[in-house]
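Take this structure first; my questions come after.
Hydrogens, waters and symmetry mates play no part in the numbers below; they use all other heavy atoms, side chains included. Quick note on labels: first sequence line is chain A, next is B, and so on, each numbered from 1. These numbers were taken from a predicted model, which means no experiment stands behind them.
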Amino acid sequence: MNPAVREIADRVASEFSLPAEKIHSLITSPPEDVMGDYSLPCFILAKELKRSPQELASQIAKTLSGGIIAKAVAAGPYVNIVIDRPQLFSFILSAILNEGSLYGGAKKRDETVVIDFSSPNIARPFSIAHLRSTALGNSLKKIYQHLGYRVIGVNHLGDWGVQFGTLISAYTRWGDDEKIKQDSIYELYRLYVKFNDESERDPSLKDEARGWLKRLEERDPEAFRLWEWFVEISLNAFQRYYKILGVEFEVIQGESAYRDLTAPLIEELTRNKIAEESDGALIIRLNKPGEKEEIPPLILKTRDGTTVYATRDICAARSHWDQYHFAKKLYVVDAGQSLHFKQLFMALAKMGHEWSERLFHVPFGVMLFEDERMSTRKGRIVFLEEVLNRSMEMTRSIIESIEKMSNLSSDEKESVIPDVGVSAIIYADLSRSRIHDINFRWSEVLNFNGKSGPYIQYTHARMAGVLRKYEENVPKSPDFAKLGEPSEIALAKRLEIFPAKVQQAADEYEPFVIAEYLGNLAITINQFYDNCRVLGEEPALEEARIALVYCAKLVLKRGLELLGMRAPERM
RNA sequence: GCGCCCGUAGCUCAACCGGAAGAGCAACGGCCUUCUAAGCCGUCGGUUGCAGGUUCGAGUCCUGCCGGGCGUACCA
């Protein structure tokens with residue numbers, strides 16, 4: 001708890017005999033730094049005390065000075081408060097110096113969060129659209145870990161269902177083993193697209209695909225052999241992407257892992273009358289009788305007798321609950337599936353699972369490509385691999401064009417290129433709130449100026465450079481009274497709010513909160529860097545500024561890690 | 001038709017669950033013999049889609065419109 005805010009609240013509370021907590025919750029920051037460090041709007045207090053806000057503000061301002069509060073002035077209905085500089089720096093920076101990389105986090109707790117993310121469909125290369133769930137989920141994982149939770153990252157692969165009928169069907173018609181061995185996943189993808197294309201002219205192909213799914217569910221050896229082969233090819237390709245992205249999972253279990261649980265589930269739900277037959281399909285009704293709102297029922301089994309993903313999702317949720325007794329389970333899946341998750345959660349509640357309240361859909365908007373909707377089936381997509389490659393090419397050309405700072409050894413250069421190139425793509429994705437659709441544009445993604453991934457990393461590398469050249473240990477308790485430049489104050493205050501941002505990101509399932517914070521932090525750091533020289537200043541000032549640089553670098557690095565990005569020491 | 005989401009500067013987006021509208025990009029103009037110029041400084045840019053309502057106060061909450069996206073029983 002910030003001691004300055006606490007003191008402001010306590011003093012105002014005792015002055016007017018009001019609860020300190022209430023005052024505390026009202027304190028905010030003024031719109032501009034020059035106005036002060038904290039601000040107390042007096043509207044609500046004025047109403048309670050039946051006085052005018054302006055008059056009250058000026059009275060509070062008069063009584064507030066002294067001690068940790070250097071100055072308090074009324075600005076109309078607001079009281080703007082300036083904190084004693086040395087104490088302000090001391091409580092912010094000491095906290096960071098003491099807590100180190102735990103700053104903004106929390107101690108280990110005995111609670112588990114399960115995060116279902118990435119979950120791509122087998123037999124299709126990663127497109128840039130798959131990156132959204134992957135980057136969001138991976139970041140949420142790091143954020144919850146930082147807050148002390150045990151986190152289970154689950155990759156619920158789309159490795160079952162009618163799409164496999166489609167693929168097997170396409171393979172038996174046009175498959176070429178040699179091509180598949182050479183170009184593996186891309187060849188499978190071409191088969192898939194060709195099938196969808198052909199089936200628009202000849203709808204009977206779709207029946208054929210459903211037939212293959214049926215055979216697969218009934219363990220037809222030929223169908224099963226092909227399925228296993230396609231899964232293997234796909235997993236190999238996915239592991240390559242995950243390695244580049246630095247993403248790891250505790251559990252990689254696709255829908256197929258639950259295929260043996262669907263029959264007992266259906267038997268159970270039929271027996272206890274949760275499920276009922278309708279139009280030849282087996283469904284769970286979700287509308288209460290007489291209720292007006294029409295929620296479509298959840299389909300457990302189709303007329304063809306095959307299961308659908310909802311069936312397997314029920315099994316997966318129950319299985320995870322049995323294993324982990326999670327505090328929360330998050331499904332990081334696009335907003336187009338909101339209804340599916342609403343149905344899933346309602347169905348589980350109807351089955352009597354009170355833990356269904358711990359399930360949360362974390363939706364995000366769709367990814368457009370240069371203003372157009374992407375379509376896997378129509379072949380209009382951008383592959384993640386291409387995006388990463390072009391990003392790394394861009395990084396390489398920038399590094400090579402800037403000779404004077406290329407103090408990088410060739411080994412360093414080769415490791416910096418993926419560090420920067422990959423993180424640039426991740427940041428481009430996480431730097432907007434998840435619910436908006438993202439329009440992917442090359443010109444924006446490959447712009448490394450301004451608030452971008454490379455900009456933040458660059459700022460980090462600059463801080464690292466200063467510390468490297470300092471050559472001595474970072475002082476634990478420098479003379480904070482030496483600090484006081486506007487850009488120093490702005491930086492310290494920015495560092496102060498990091499823990500609140502981490503908590504907000506976790507509460508809202510929104511890594512963007514941290515992404516935006518880091519962008520703003522980097523701007524603040526660069527302004528400081530431009531205004532304040534560190535090395536070579538008189539020793540006490542140099543020490544104090546080194547401590548500030550150390551704290552800035554530490555928070556930047558931690559923040560980058562929480563987004564799943566790298567923090568190279570040089571670039 | 002019904003449901004959910006979105007609408008803020010030319011573009012991409014913020015605004016701490018009702019409190020003082022703000023960044024980046026693009027454009028133009030400055031700053032490298034000093035810790036990394038992937039940088040910094042400055043200029044330009046707004047009737048927050050429209051109309052009402054609640055409130056001392058609304059980009060934010062309520063109602064109705066307009067525009068866009070997604071979904072709407074056997075795909076995932």
Side-chain angles (χ1 to χ4, degrees), chain A residues 26 28-32 35 39 41 43-44 46-47 52-53 75-78 80 119 121 158 160-163 166 206 255 278-283 293-304 306 308-310 313 333-340 342-343 363 365-366 368 373 377 395 398-399 401-402 404-407 420 424 431-433 435-439 441 443-444 447-459 461-470 497 500-501 504 508 512-513 516 519-520 522-523 526-527 529-536 545 549 570-571:
Chain A
L26 292 173
T28 61
S29 309
E32 288 172 51
M35 297 165 128
S39 172
F43 304 99
I44 292 171
K47 195 167 194 177
S52 94
Y78 298 88
N80 290 329
S119 305
N121 288 324
W160 204 254
V162 80
Q163 52 178 334
T166 302
K206 287 183 176 164
E255 293 183 61
S278 171
D279 279 345
L282 191 68
I283 63 167
E293 194 192 1
E294 284 282 328
I295 295 171
L298 181 141
I299 308 275
L300 283 170
K301 201 161 82 173
T302 70
R303 208 177 289 141
D304 301 327
T306 58
V308 292
Y309 72 133
D313 270 0
V333 181
D334 75 87
Q337 296 197 42
S338 295
L339 179 59
H340 163 68
K342 189 174 180 185
Q343 292 174 311
V366 299
L368 306 172
R373 194 168 166 70
R377 285 186 297 110
T395 307
I398 291 173
I399 287 179
S401 70
I402 304 170
K404 78 172 176 188
M405 52 193 256
S406 291
N407 291 332
V420 173
S431 61
R432 42 203 70 181
S433 61
I435 200 62
H436 288 98
D437 293 350
I438 290 189
N439 192 358
R441 290 204 184 98
S443 61
E444 287 172 9
N447 184 353
F448 291 178
N449 301 321
K451 269 198 233 180
S452 64
Y455 172 75
I456 297 166
Q457 291 174 313
Y458 175 75
T459 309
R462 278 179 142 183
M463 295 299 102
V466 174
L467 290 169
R468 195 164 49 238
K469 285 174 188 170
Y470 181 60
I497 61 176
K501 293 292 178 182
Q504 189 192 345
E508 297 177 1
F512 152 77
V513 170
E516 198 204 26
N520 292 332
I523 289 172
N526 282 316
Q527 288 167 341
Y529 185 86
D530 197 62
N531 277 305
C532 300
R533 176 124 195 123
V534 178
L535 302 178
R545 284 187 175 163
V549 166
R570 306 172 196 249
M571 60 185 274

Checklist entry - For A/R462 and B/A37, is the shortest distance between a side-chain N/O and OP1 or OP2 below 4.0 Å? => result yes
Checklist outcome for this item: Per atom distances to the A/L339 side chain, the nearest of B/U36, B/U72, B/C25 is B/U72
Item to check | B/U36 phosphate, OP1 or OP2, under 4.0 Å from A/K469 side-chain N/O | outcome: yes
Checklist entry - For the pair made of CD1 in A/I299 and P in B/A76, what is the distance, rounded to whole Å? => result 11 Å
Next on the checklist: Under 4.0 Å, counting only non-hydrogen atoms across every strand here, what does A/A281 touch: a base, just sugar-phosphate, or nothing?
Outcome noted: base
Checklist entry - Are there more than 12 heavy atoms of other residues, nucleotides or ligands under 6.0 Å from atom NZ of A/K206? => result no
Next on the checklist: Counting C-beta onward and ignoring hydrogens, is there a side-chain heavy-atom pair between A/R545 and A/C532 closer than 4.5 Å?
Outcome noted: yes
Checklist entry - Contact class for A/I435 (heavy atom, under 4.0 Å): base, sugar-phosphate, or nothing? => result sugar-phosphate
Item to check | Residue A/N520, side-chain heavy atoms: nucleotide from B/A23, B/C75, B/U36 that is nearest | outcome: B/A23
Checklist entry - Nearest of B/A73, B/A76, B/G19 to any side-chain atom of A/S278? => result B/A73
Item to check | Spacing between A/K342 atom NZ and B/C4 atom P, to the nearest angstrom | outcome: 7 Å
Item to check | Proximal nucleotide (of B/C16, B/C25, B/A38) relative to the A/T395 side chain | outcome: B/A38
Next on the checklist: Please classify the nucleic acid contact of A/R533 as base, sugar-phosphate, or nothing, using heavy-atom distances under 4.0 Å.
Outcome noted: base
Checklist entry - Is any side-chain heavy atom of A/Y529 closer than 4.5 Å to a side-chain heavy atom of A/V466? => result yes
Next on the checklist: Quick check on B/G71: is either OP1 or OP2 less than 4.0 Å from any side-chain nitrogen or oxygen of A/Q337?
Outcome noted: no
Checklist entry - According to a strict under-4.0 Å criterion, is A/N449 in side-chain N/O contact with OP1 or OP2 of B/G39? => result yes
Item to check | d(NZ, A/K451; P, B/G22) in whole Å | outcome: 14 Å
Checklist entry - Checking all strands, does A/Q504 fall into the base, sugar-phosphate, or nothing category for heavy-atom contacts under 4.0 angstrom? => result nothing
Checklist entry - What is the nucleic acid contact for A/R441, judged by heavy atoms within less than 4.0 Å: base, sugar-phosphate only, or nothing? => result sugar-phosphate
Checklist entry - Of the nucleotides B/A73, B/A38, B/A14, which has the atom closest to the A/I283 side chain? => result B/A73
Checklist entry - At under 4.0 Å, does any side-chain N or O of A/H436 touch on OP1 or OP2 of B/A14? => result yes
Checklist entry - Starting at CZ of A/F448 and ending at C1' of B/A38, how long is that distance when rounded to a whole Å? => result 9 Å
Checklist entry - Do we see a donor-acceptor contact under 3.5 Å between the side chains of A/Y455 and A/N526? => result yes
Next on the checklist: If I take atom OH in residue A/Y529 and atom C1' in nucleotide B/C41, what distance separates them, rounded to the nearest angstrom?
Outcome noted: 17 Å
Checklist entry - B/C40 phosphate, OP1 or OP2: any side-chain N/O from A/Y458 under 4.0 angstrom? => result no
Checklist entry - Choosing from B/A20, B/G69, B/A38, which nucleotide comes nearest the side chain of A/A75? => result B/A20
Next on the checklist: Test of understanding: with salt bridge (charged side-chain N to carboxylate O under 4.0 Å, His left out), list the residues that count as partners of A/R441, not counting sequence neighbours.
Outcome noted: A/D371, A/E444
Checklist entry - Can B/C70 be described as syn, meaning its chi torsion is within 90° of 0, or is it anti? => result anti
